[in-house]
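Working notes, beginning with the structure itself.
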Amino acid sequence: MIESFEKIKNEALAEINECTDEVMVNNAKSKYLGKKSEFSSLMAGMGQLSNEEKREVGAKSNEVRTVISEALDSKLKSIKDEALNRKLEEDKIDLTLPSKKRHRGTKHPLTMVREEIEDLFVSMGYDVVDGPEVDSDMNCFEMLNLPKSHPARDAQDSFYITEEMLLRPHTSSMQVRSMLENVEKKPFKLICPGKTYRRDDDDATHSHQFSQIEGLVVGENISLSDLKGTLELFAKKMFGKDREIRFRASYFPFTEPSYEVDVSCFSCGQKGCNICKGTGWIEILGCGMVHPNVLRNCGFDPEKYQGFAFGVGIERVAMLKYGVSDIRNFYTNDYRFLNNFDRKEM
Ligand SMILES: [Zn+2]
């Protein structure tokens, strides 16, 4: 019997040594130590032995079981280690490979222009305020000297949500809100950038949704020359330091006097081109001195306070600055268009 155990041990060790995966190790385990193994049947036959023999054979069987078990464990461990090493080797990252070029997006051109304008006015001490895109007829029109029957409303027809609420047709509604909120009636200056809406048919230069920046300064001893100086700075910042501006008399119900402002053509040096339509001047915004009725409506005494206001179309400035001929390009998110403003690959 001792010899039989010895034989099992040698066979088992030889077979375990040949194992190359976990399945083979498990098979060897049941073959040599399992219930139906030769080892088990030998053990079952031990009952017929004498006590003397039992001791001797028992010691041998223990030794064989231990040796086979240890060989199985150690083989299993080496198979697992090898698999792990192989995996690590396969997954190794080659740090010397060139990386994939990562494409970084950029700010939308309207955002770039808006931020540039904001920076300029913040540097002059203006606050930047935000206002609701849905506002009342009162704030959008009536307080701005545009009563319900006023014909100038036609040009600013917007989308009404109820009889009294509408998508704001201009950021000028923020003039009213700012003046009303300024309960202490102290001088202030602010700009308000934001989206505005009008019932326009969309074409190359019109959109039912666009964006404006409203400017408003209210205080004592504010004059037209303050407005002109401010807008001159604006024109030079946005279109180049050699730009000049000119005021043309115009009409807005909420300013008196009112002006359209032109900037000298940055494209042709005022010789005349298709951007300035041969005139040497390009219209960029509307402005004026705050109408006494508007001041009065908002609780400011027009005898004591004056103010100026202006409204700039952000799209208009962006189109001029970047030579964009169709306003719809700003809203369609066409990658081929936006790519022109990209910082390219980093
Ligand atoms: Zn020109």
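Throughout, numbering of the chain's residues begins at 1 and tracks the sequence. In each ligand, atom 1 is the first atom listed, and ligand 1 is the first ligand listed. Just so it is clear, the values below take in all heavy atoms, side chains as well, and ignore hydrogens, waters and symmetry mates.
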May I ask you to list the protein N, O or S atoms found at less than 2.8 Å from the Zn ion (ligand 1)? Cys265 SG, Cys268 SG, Cys273 SG, Cys276 SG
For residues Gln306 and Ser223, is any side-chain donor paired with an opposing acceptor at under 3.5 Å? no
Please check if the distance between the ring centroids of His170 and Phe254 is under 6.0 Å. yes
Salt bridge or not for Glu283 and Arg316, using N-O below 4.0 Å? no
Write out all pairs satisfying side chain to side chain donor-acceptor pair (under 3.5 Å) with one or both partners inside residues 121-134, taking only residues at least two apart or from two chains. Glu133-Tyr197
Axial cation check for Phe247 ring with Lys228, 6.0 Å and 45° limits: yes
If the plane angle is over 60° it's perpendicular, under 30° parallel, otherwise tilted; pick one for Phe337 and Phe341. perpendicular
